[in-house]
**Q** 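Please see the structure below; I have some questions.
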Amino acid sequence: LNIGSSSDQPFGAARDINFGAVAFLRVPHRERNAWHFVLVYAPLSQIAFPIPMASYYWQPSDEFSMNIGLPLQMTYRPTDRWTFDLSYMLLTTIHAQGTYQVNEQWCAYGAFDWQNQSWFLHDRQDDQERLFLYDKRFSVGLKGTVMKHVSVDLSTGYLFDRFYFTGENYD
């Protein structure tokens, strides 16, 4: 369960508070695999009603794993230094990243992300109206650990197809 206030005036009014929930069941299958059953309710997501999901987690080797279904997720590690990740979630949430482990503390990466967010505006006339953001980005960067509990992520990239709008949904 979660509670939050995604608003330009956090917790400014009761209508700005949103409640969400996630229920998750993992049913092991064979030595490395499992069925996943999920029920998600996130009122500020693109689909603002409870979503049932099912997937099969398949791990045929230490180098490859895949969640087949929703959410879709794949990780491939062909060598100790290279890792490739891909994930998709309804409707337009995509993440693809390649990572190269330079040494024990540092890694370089390149990524593509297509994401969205939404917020309630405090002074809205309609309680269901939200401010939406959609964008896509390519990024490259260098991540590392500089001290025991301190990490650094230096990145640059190209942001495109960004747009904002207000309404009750994408329509």
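Scope of the values below: all heavy atoms of this structure, side chains included, with no hydrogens, waters or symmetry mates.
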**Q** Of all residues at least two apart in sequence or in a different chain, which pass the ring pair (Phe, Tyr, Trp, His ring centres under 6.0 Å) check with Phe49?
**A** none
**Q** To the closest 0.5 Å, what do you measure between CG (Leu72) and CE (Met89)?
**A**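 Going from CG on Leu72 over to CE on Met89, the span is 10.5 Å.
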**Q** Could you go through Asp126 and Arg15, starting from their C-alpha distance and side-chain angles, then the distance that decides it, and tell me whether this counts as salt bridge (Lys or Arg N to Asp or Glu O under 4.0 Å)?
**A** CA-CA 10 Å; Asp126 179 356; Arg15 72 182 190 158; over 6 Å; no
**Q** Quick check: closest heavy atoms across Gln101 and Glu104, and the distance to 0.1 Å?
**A**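 Minimum heavy-atom separation between Gln101 and Glu104: NE2-O, 3.8 Å.
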**Q** Could you name each residue pair satisfying side-chain hydrogen bond (donor to acceptor under 3.5 Å, both in side chains) that touches residues 142-156, not counting sequence neighbours?
**A** Tyr109-Asp153
**Q** Check whether any side-chain heavy atom of Leu121 lies under 4.5 Å from a side-chain heavy atom of Glu129, and answer yes or no.
**A** no
**Q** Would you mind reporting whether Asp161 and Tyr134 have side-chain heavy atoms less than 4.5 Å apart?
**A** no
**Q** Hey, are the side chains of Phe11 and Ile17 touching, using non-hydrogen atoms and a 4.5 Å cut-off?
**A** yes
**Q** Can you tell me how far the CZ atom of Phe132 sits from the CD atom of Gln117, to the nearest 0.5 Å?
**A** 12.0 Å
**Q** What about Leu70 and Ile51, same hydrophobic cluster or not, with Ile/Leu/Val/Met/Phe/Trp/Tyr joined at side-chain heavy-atom distances under 4.5 Å?
**A**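 Both belong to a single hydrophobic cluster.
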**Q** With sequence neighbours excluded, what pairs up with Thr75 under the side-chain hydrogen bond (donor to acceptor under 3.5 Å, both in side chains) test?
**A**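 Thr75 satisfies side-chain hydrogen bond (donor to acceptor under 3.5 Å, both in side chains) with Gln73, Asp85 once adjacent residues are dropped.
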**Q** Check whether any side-chain heavy atom of Val146 sits under 4.5 Å from a side-chain heavy atom of Trp106, and report yes or no.
**A** yes
**Q** In Å and rounded to the nearest 0.5 Å, what is the CG to CG distance from Asn2 to Asn18?
**A**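 So the CG of Asn2 and the CG of Asn18 are separated by 7.0 Å.
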**Q** To the nearest 0.5 Å, what is the distance between OG on Ser6 and CG on Leu131?
**A** 11.0 Å
**Q** Is any side-chain heavy atom of Leu133 less than 4.5 Å from a side-chain heavy atom of Trp119?
**A**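 In contact.
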**Q** Would you indicate whether Arg30, at its atom CZ, is surrounded by more than 12 heavy atoms from other residues, nucleotides or ligands within a distance under 6.0 Å?
**A**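 12 or below, so no.
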**Q** Could you tell me whether the side chain of Ser55 reaches within less than 4.5 Å of the side chain of Ile68, counting heavy atoms only?
**A** no
**Q** Between Tyr56 and Asn33, is any pair of side-chain heavy atoms under 4.5 Å apart?
**A** yes
**Q** Would you please indicate if the ring centroids of Tyr158 and Phe138 are separated by under 6.0 Å?
**A** no
**Q** Step through it carefully: locate the ring centre of Phe64, locate the ring centre of Trp58, and say whether they are under 6.0 Å apart.
**A**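 Here the rings of Trp58 and Phe64 have centres that are less than 6.0 Å from each other.
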**Q** Would you check if Arg130 and Arg124 make a side-chain contact, meaning some heavy-atom pair closer than 4.5 Å?
**A** no
